[in-house]
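Below, all heavy atoms of this structure are taken into account, side chains as well, without hydrogens, waters or symmetry copies. Just so we're on the same page: letters track the sequence lines, and every chain starts at 1. Since the structure is predicted, the reported quantities are computational estimates derived from the model, not experimental observations.
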Protein chains: 2
Amino acid sequence: MEYEQLKLDNQLCFRLYTAARLTMGAYHPYLDPLGITYPQYLVLLVLWEQDKQPVNDIAHKLFLETNTVTPLLQRMEKAGLVKRTKGKEDTRQRIVSLTKKGIEMREQAKHIPECLSNEIIQITGEEEEFVRMIPTLDKLIEGLKQNNQQSTIKQINNQQLNN
Amino acid sequence: MEYEQLKLDNQLCFRLYTAARLTMGAYHPYLDPLGITYPQYLVLLVLWEQDKQPVNDIAHKLFLETNTVTPLLQRMEKAGLVKRTKGKEDTRQRIVSLTKKGIEMREQAKHIPECLSNEIIQITGEEEEFVRMIPTLDKLIEGLKQNNQQSTIKQINNQQLNN
DNA sequence: CTTATTTATATCGTTCACGATGCAAAAGTA
DNA sequence: TACTTTTGCATCGTGAACGATATAAATAAG
């Protein structure tokens with residue numbers, strides 16, 4: 001069958017795509033009561049670990065583009081979770097810091113990781129495989145990140161050659 | 001450290017979320033020339049395997065909601081890849097079928113899976129781990145799917161009790 | 001010290017993704 | 001048969017996600 005491999009590829013990619021979506025769905029029961037989304041929760045995790053960071057640092061830690069993170073932060077500011085102030089040394093920067101509400105949410109979110117872990121383990125009956133999966137996913141993420149940057153560099157080079 | 005586990009949870013979920021996004025990005029060089037997106041490519045994979053399916057079947061196979069798939073198909077129809085006709089037995093159904101252009105794209109997309117596989121293997125230097133990962137991801141997906149449905153059922157029951 | 005380039009964000013347009021809701025057809029029930 | 005419920009799809013609103021573009025500030029080059 002000539003086209004047989006069309007089905008086989010998505011073995012991995014489609015499953016990653018699906019697992020990620022459904023996993024985010026599993027956070028809903030925990031995040032809805034707090035009035036936040038999963039990406040917003042990720043931003044909070046970053047800020048809980050270290051408050052007062054420029055947009056770029058947050059984006060970088062989440063492997064997101066700044067044009068994704070900026071509106072995210074604007075919504076979070078509107079929700080009273082963070083505030084964004086101009087940087088003092090570099091006035092281009094926007095320093096994102098937690099508000100009282102943002103700080104207090106840490107306490108409310110304390111048990112979410114534990115709950116999610118338990119849920120996943122209970123649902124799948126697996127734990128070892130997931131632990132084993134983590135460094136492999138890290139390799140994939142790092143590799144793809146590099147690869148994307150190289151594509152961008154290639155494009156920039158290509159663009160400069162055309163001028 | 002009381003909040004330590006906050007960091008640990010995302011061991012898995014955050015990595016799935018990130019890996020899925022970056023993997024989709026890796027498809028860009030192959031899908032952009034065809035003028036399609038990754039979710040559209042998935043719809044085509046489903047239709048290439050079996051043409052003429054109702055919206056619901058497609059959504060189900062991709063683990064997506066119909067209100068995600070409907071606009072997706074509308075865009076694909078506008079792009080001339082599929083056509084949507086009313087079902088004959090059940091007139092509520094919309095039967096999605098490939099156009100000539102949609103069928104022909106299969107040939108152009110033939111090598112994508114192979115390219116992606118090679119790229120991932122080359123980037124990570126891993127292959128075995130990914131093969132091993134697949135059934136675990138399947139378990140996770142199936143489990144989360146069940147779980148989400150149960151949440152929905154619970155909500156419906158809860159709603160009915162309140163009336 | 002100008003001018004050119006890079007950098008940090010922001011804005012805009014398009015495409016998902018999904019909860020909530022609407023609607024008409026089909027299926028089930030009285 | 002008349003009524004209720006379910007089902008299949010569509011629409012709407014909101015929040016990502018990202019490419020392309022814009023803008024002002026910082027940095028580098030001349």
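Among the heavy atoms of the strands lying under 4.0 Å from Thr37(A) are primed sugar atoms or P, OP1, OP2 only; no base atom is included. Nucleic acid contact class of Pro54(B) (heavy atoms, under 4.0 Å, all strands): sugar-phosphate only. Looking at heavy-atom distances under 4.0 Å, Thr66(A) makes contact with a base. Using a 4.0 Å heavy-atom criterion, one finds that Thr91(B) contacts the sugar-phosphate atoms exclusively. Residue Tyr17(A) is in sugar-phosphate contact alone, with no base atom involved, counting any heavy-atom pair closer than 4.0 Å across all strands shown.
Toward the 5′ end of DNA chain C lies the nearest nucleotide of Val55(A), the other residue of the pair Glu89(B) and Val55(A) mapping further downstream.
Residue Tyr38(B) holds its OH atom at 7.0 Å from CZ of Phe14(A), rounded to the nearest 0.5 Å.
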For Lys61(B) and Gln53(B), run side chain to side chain donor-acceptor pair (under 3.5 Å): C-alpha distance rounded to whole Å, both residues' side-chain angles, the deciding distance at 0.1 Å, then the answer. CA-CA 11 Å; Lys61(B) 285 173 184 169; Gln53(B) 296 188 54; 2.7 Å; yes
For Met133(B) and Thr136(A), run side chain to side chain contact (heavy atoms under 4.5 Å, CB included): C-alpha distance rounded to whole Å, both residues' side-chain angles, the deciding distance at 0.1 Å, then the answer. CA-CA 9 Å; Met133(B) 204 182 275; Thr136(A) 314; 3.8 Å; yes
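If you check dC18(C), dC18(D), dT11(C) against the side chain of Thr70(A), the one that comes closest is dT11(C). The listed nucleotides are dT9(C), dC9(D), dA17(C); the one nearest the side chain of Pro39(B) is dA17(C). If you check dC18(C), dC9(D), dC18(D) against the side chain of Thr68(B), the one that comes closest is dC18(C).
With Tyr17(B) as the aromatic partner, Arg21(B) meets the cation-pi criteria of under 6.0 angstrom to the ring centre and within 45 degrees of the ring axis.
Applying the 3.5 Å distance criterion, the base of dT7(D) shares a donor-acceptor pair with the side chain of Arg92(B). For Asp90(B) and dG8(D), a side-chain-to-base donor-acceptor distance below 3.5 Å is absent, hydrogens and geometry of angles not being considered.
Put simply, NE2 on His28(B) is 10 Å from C1' on dT15(C), counting in whole angstrom units. Protein atom CD of Gln74(B) is 10 Å distant from nucleotide atom P of dC12(D), rounded to whole Å. Rounded to whole angstrom, the span from the CG atom of Asp57(B) across to the C1' atom of dT7(D) amounts to 13 Å. Phe63(A) has its CZ atom 14 Å from the P atom of dA17(D), to the nearest Å. In this structure, the NE2 atom of His60(B) is 13 Å from the P atom of dT7(D), given to the nearest Å. Distance CE (Met76(A)) to P (dG15(D)): 13 Å, rounded to an integer number of Å. Asn67(B) has its CG atom 17 Å from the P atom of dC23(C), to the nearest Å. Per the geometry, CZ belonging to Arg75(A) stands 13 Å off C1' belonging to dG13(D), to the nearest Å.
Remark: Arg94(A) is not in phosphate contact with dA8(C), judged by side-chain N or O atoms under 4.0 Å from OP1 or OP2. At the phosphate of dT7(D), neither OP1 nor OP2 sits under 4.0 Å from any side-chain N or O atom of Gln93(B). In this structure, Arg84(A) reaches the dA10(C) phosphate: one of its side-chain N or O atoms is under 4.0 Å from OP1 or OP2.
For Glu127(A), the CD atom is loosely surrounded, since the number of other residues' heavy atoms within 6.0 Å does not exceed 12. Within a 6.0 Å radius of CD in Gln74(B), other residues, nucleotides and ligands contribute more than 12 heavy atoms.
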